[in-house]
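We use all heavy atoms of the structure for the numbers below, so side chains are in, but hydrogens, waters and symmetry mates are not.
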Amino acid sequence: MTNPSNTLLRILVLLLLTGVALALYSARGDLKPSVIRFLSGEGNWFAAETPPISTISQIFDMGIVDANGDGRLDIYTSNHNYKQYLLLADGQGGYRNVVTEWGLDQSHSFPGWEQASQAPDVDKAGLYIYWVDDTLHFRTHNLDKIGAVNGTLRIFSAVQVVRNDGFRVETRTTSKQANSLLETTTDFAASGDAHLVFYITSRGGPLTFDFGKSLPLANVYLGFQKVSPTAHPFTVSLQDRHGMAWADINHDGQLDVFISRGAIGGTLRMFPESIRRSITDELFVSEAGQPRFHEASREVGIKKKDCSGRHVKWVDFDRDGLLDLYINCQDRGNVPGGYPKQFYRQDAKGHFSDVSAEVGLDIPQNQLIDFAWLDADNDGDMDLLSHEDTGYFLYRNQGGRFAREFISRGKFERSDVKGLKGNTYDYWQFDGKLSLADFDSDGDLDVFVASKKGNTFLINNVGTFKPLDPTALGLPVESVAAAWVDYDNDGHPDLHTVPEGLLHQNKNHTFEATGFLSLPDKKYQAAIINWFDRDNDGAMDVLIALQDNATLWRWWEKPFKSKDVKGKDDRFKWKILAYRNVGMKNHWLQLNLVGSAGNPQAIDARVTLVTPEGQQTQDVGSNDGAFLSQGHYRLYFGLGGHDKVDTVKVRWPDGRLQELKDVTADKLLNIEHPGGV
């Protein structure tokens with residue numbers, strides 16, 4: 001007679017094995033790259049490193065910069081309204097976040113006010129107000145020691161109570177104008193331990209708090225760092241940071257940074273004039289050459305003008321020796337009217353004036369997916385290459401004015417799909433980045449563009465760009481992201497794409513897959529790739545940020561994805577991977593150009609190296625892997641078996657030419673502007 005318990009055990013084991021088999025079958029696409037990487041011998045080339053941070057919330061960008069000028073490359077992020085990072089390298093493989101130490105928090109008065117993935121410790125008597133993801137929390141603790149809490153919150157947004165344990169709440173909502181902008185006033189009070197949670201629809205506007213006189217301000221703690229206000233009422237805002245452009249603007253030897261910020265989902269025009277004036281982009285300028293900064297956008301003439309800022313880059317377009325600033329203002333489609341791009345020309349006194357309309361680059365009806373400054377035709381001045389929602393265009397610099405030339409359309413352009421015009425939160429947010437390199441060693445920069453609906457390769461022939469089918473060279477049909485790197489230092493730029501991994505360039509300028517760093521197909525919907533020499537040993541290392549494609553999460557993965565009080569999962573948390581190059585054996589040369597006073601980073605200088613293998617050409621800034629930002633100015637050249645460079649030719653941004661002969665390899669070399677620094 002069969003034992004019922006044994007029968008039940010067999011059924012459970014069978015179900016378990018069936019589940020495991022189904023999971024393995026469903027995950028076969030995830031397992032395949034691991035097998036390929038193992039068989040490729042990747043371990044002889046790359047060693048996985050522990051990244052400075054393993055996951056980061058709501059990345060808008062990640063990039064590389066030598067922020068303190070010590071010769072060690074640092075890592076920065078912009079994170080919308082979440083906590084940001086400026087990770088200084090210590091030279092021993094470690095990093096330290098100095099955002100608060102340097103005064104770069106989103107709120108100068110309340111560092112740590114940013115959205116966070118977890119609550120602060122509640123350990124002292126009082127009222128705690130902080131963000132956890134998209135929800136604003138009010139929490140009281142040990143009020144018997146200080147008395148009851150009462151106060152008011154005013155915000156231009158709809159507010160929804162999603163949890164209330166012990167608060168008394170009264171909310172009043174009014175429409176401010178014919179455009180239906182909402183202003184919400186919420187009175188709150190509690191007399192014991194209580195917890196109140198709001199979901200704020202629009203988090204980019206200012207929040208104004210006022211508390212009853214009986215509540216000591218020393219017992220009010222704001223944000224993750226639990227900073228107490230010094231007076232009330234007081235107002236605090238998230239900055240909605242996007243692109244970051246680094247350069248020494250005040251010429252004191254310390255890098256400064258311009259940060260473009262959003263415009264409250266593109267709705268800033270709807271707000272009262274007082275709010276519109278209070279929201280600005282940010283120019284953080286160092287104080288007396290020290291790593292402490294003050295915000296100077298207004299004092300130098302930079303105005304927000306409702307711009308929903310995205311990509312931002314420095315350039316000396318008029319060759320006057322001073323850096324100018326181009327800002328991509330994106331039309332989110334939420335408010336009628338176009339959004340002119342902004343082009344700020346700097347004068348000798350350090351003041352900036354918007355000349356975008358004057359030079360033909362305001363283009364309010366054109367949606368820029370990405371743009372790059374380069375001297376496309378080798379005539380000595382900088383042209384603008386754009387990837388727009390209707391195709392690829394070159395804005396050719398003709399004596400300081402720009403003429404628009406159509407290049408081509410990609411297989412997929414955003415204007416073809418209704419609803420993508422202003423959408424920045426879905427599958428296409430990071431699609432279509434321009435990646436530049438002189439891959440064919442002919443002296444001008446070519447462009448590879450990764451897209452999940454079809455890659456594009458634009459070949460530059462003395463200023464004329466023509467599309468080439470990437471498959472003709474052995475490159476993938478579609479990719480999530482791409483970056484050029486000469487990972488083996490053989491003198492020929494290779495291409496790293498996600499998910500395909502590293503594609504090695506042959507001497508005939510075709511490519512073949514190595515299997516190195518390959519990832520599961522379609523698992524990730526966005527990626528940012530930064531190659532840099534992390535330990536200054538001449539070998540290129542890589543930092544990769546990956547965002548899951550949440551639509552492809554398997555059934556067994558979903559229970560492990562955290563959810564907030566609104567039921568939102570962690571699809572906006574990015575995974576960070578780091579790999580150190582351990583297999584490179586060839587010679588190399590790295591260059592750091594020290595420019596003139598008005599452009600100390602020598603942004604847009606062109607360098608050509610000549611060896612018996614031929615020539616290599618790079619522009620300062622062309623190695624930047626960041627998507628919206630700019631700051632990686634070191635140049636990297638592989639030399640193969642050659643232990644010296646015959647000639648290093650430098651064309652400085654002001655047009656001056658300089659040559660160095662018989663340069664010894666295997667070092668980081670500083671080259672100073674011939675006119676003095």
Side-chain angles (χ1 to χ4, degrees), residues 372-378 380 382 434-448 457-463 465 473 475 482-496 502-511 531-533 537-542 581 584-593 602-625 632-653 657-671:
W373 289 101
L374 75 164
D375 183 4
D377 45 16
N378 291 331
M382 302 305 292
L434 305 172
S435 299
L436 278 60
D438 180 16
F439 96 101
D440 51 6
S441 302
D442 65 350
D444 46 34
L445 298 182
D446 311 292
V447 184
F448 187 88
F457 203 172
L458 301 177
I459 306 299
N460 185 0
N461 184 15
V462 197
F465 287 92
L473 300 177
L475 295 172
W484 293 99
V485 59
D486 185 0
Y487 76 92
D488 57 356
N489 280 348
D490 67 351
H492 303 287
D494 311 301
L495 190 66
H496 178 193
L502 277 168
L503 298 121
H504 182 265
Q505 184 181 175
N506 302 311
K507 289 187 177 182
N508 63 357
H509 304 308
T510 62
F511 295 80
W531 284 91
F532 66 114
D533 188 357
D537 65 351
M540 298 295 285
D541 312 300
V542 66
N581 189 332
M584 195 282 299
K585 305 298 183 185
N586 285 319
H587 293 291
W588 52 277
L589 181 67
Q590 296 181 15
L591 300 180
N592 177 51
L593 268 60
I603 293 171
D604 301 322
R606 172 158 291 187
V607 175
T608 299
L609 262 63
V610 180
T611 71
E613 290 289 325
Q615 68 174 16
Q616 300 180 54
T617 298
Q618 293 183 29
D619 286 358
V620 174
S622 64
N623 290 313
D624 218 316
H632 192 178
Y633 301 128
R634 187 181 294 187
L635 301 182
Y636 304 90
F637 296 92
L639 304 179
H642 304 287
D643 60 4
K644 71 173 184 177
V645 177
D646 295 341
T647 307
V648 176
K649 301 178 181 179
V650 182
R651 190 189 69 195
W652 294 92
L657 301 177
Q658 185 177 8
E659 283 195 8
L660 288 76
K661 297 288 189 179
D662 297 328
V663 177
T664 304
D666 303 329
K667 63 184 177 183
L668 171 60
L669 176 65
N670 288 330
I671 302 179

Can you check side-chain contact (heavy atoms from CB on, under 4.5 Å) on V607 and F637, steps first, answer last?
CA-CA 10 Å; V607 175; F637 296 92; 4.0 Å; yes

After noting the C-alpha distance and the side-chain angles of D440 and D446, does the key distance pass the side-chain contact (heavy atoms from CB on, under 4.5 Å) rule?
CA-CA 8 Å; D440 51 6; D446 311 292; 3.0 Å; yes

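Applying the salt bridge (Lys or Arg N to Asp or Glu O under 4.0 Å) test to every pair with at least one member in residues 634-643, sequence neighbours left out, gives no pairs at all.
Contact detail for G443 and Q615: the closest heavy-atom pair is N-NE2, 3.3 Å. Taking all atoms of both residues into account, the shortest heavy-atom contact from I603 to Y633 is CD1-OH, 3.5 Å. Across every non-hydrogen atom of A482 and L495, the tightest pair is CB-CD1, 4.3 Å. Counting all heavy atoms, side chain and backbone alike, Q590 lies closest to D533 at NE2-OD2, 2.8 Å. When every heavy atom of S622 is checked against every heavy atom of D619, the shortest pair comes out as OG-O, 2.7 Å. Residues P493 and A437 share a closest heavy-atom pair of CB-CB, 4.5 Å.
Side chain of D604 to backbone of M382: no donor-acceptor contact under 3.5 angstrom is found. In terms of modelled atom types and a separation under 3.5 Å, the side chain of D438 and the main chain of S441 share a donor-acceptor contact. In terms of modelled atom types and a separation under 3.5 Å, the side chain of D666 and the main chain of W588 share a donor-acceptor contact. At distances below 3.5 Å, at least one donor-acceptor pair connects side-chain atoms of D537 with backbone N or O atoms of A539. Between the side chain of E613 and the backbone N or O of H492 there is no donor-acceptor pair closer than 3.5 Å. Formation of a donor-acceptor pair under 3.5 Å by the N489 side chain with backbone atoms of L639 is not found in this model. Between the side chain of N460 and the main chain of A376, a donor-acceptor pair closer than 3.5 Å is present. N581 places no side-chain N or O within donor-acceptor distance of the main-chain N or O of D541, the cut-off being under 3.5 Å. D494 places no side-chain N or O within donor-acceptor distance of the main-chain N or O of L502, the cut-off being under 3.5 Å.
For K667, the NZ atom is densely surrounded, since the number of other residues' heavy atoms within 6.0 Å is greater than 12.
F511 and W484 have tilted rings, their planes meeting at an angle from 30° to 60° on a 0 to 90° scale. Ring pair F457/F439 is tilted by interplanar angle, where 30° to 60° counts as tilted.
With a 4.5 Å cut-off on side-chain heavy atoms, V648 and L591 count as touching. Side-chain atoms of F448 and L475, non-hydrogen and from C-beta on, do get closer than 4.5 Å to each other.
For D377, the salt bridge (charged side-chain N to carboxylate O under 4.0 Å, His left out) criterion is met by R396, not counting sequence neighbours. With sequence neighbours left out, the ring pair (Phe, Tyr, Trp, His ring centres under 6.0 Å) criterion links H496 to W531.
Considering CG of N461 and CG of D442, their distance stands at 7.0 Å, rounded to 0.5 Å. Separating the CG atom in D646 from the CG atom in L660 is a distance of 12.5 Å, to the nearest 0.5 Å. I671 CD1 to L593 CG: the interatomic distance, rounded to the nearest 0.5 Å, is 5.5 Å. In this structure, D490 CG and K585 NZ are separated by 15.5 Å, a value rounded to the nearest 0.5 Å. Rounded to the nearest 0.5 Å, atoms CG (D444) and CZ (R606) are 7.0 Å apart. Here CZ of F532 is found 12.0 Å from CG of D624. Values are rounded to the nearest 0.5 Å.
When each of L445, N623, L609, T608 is paired with Q618, the side chain to side chain contact (heavy atoms under 4.5 Å, CB included) condition holds for N623 and for no other. Residue H504 forms a side chain to side chain donor-acceptor pair (under 3.5 Å) with just one option from T510, D488, D486, and that option is D488.
A donor atom on one side chain and an acceptor atom on the other are found under 3.5 Å apart for N592 and N670. Between the side chains of T647 and K661, a donor-acceptor pair is found at a separation under 3.5 Å.
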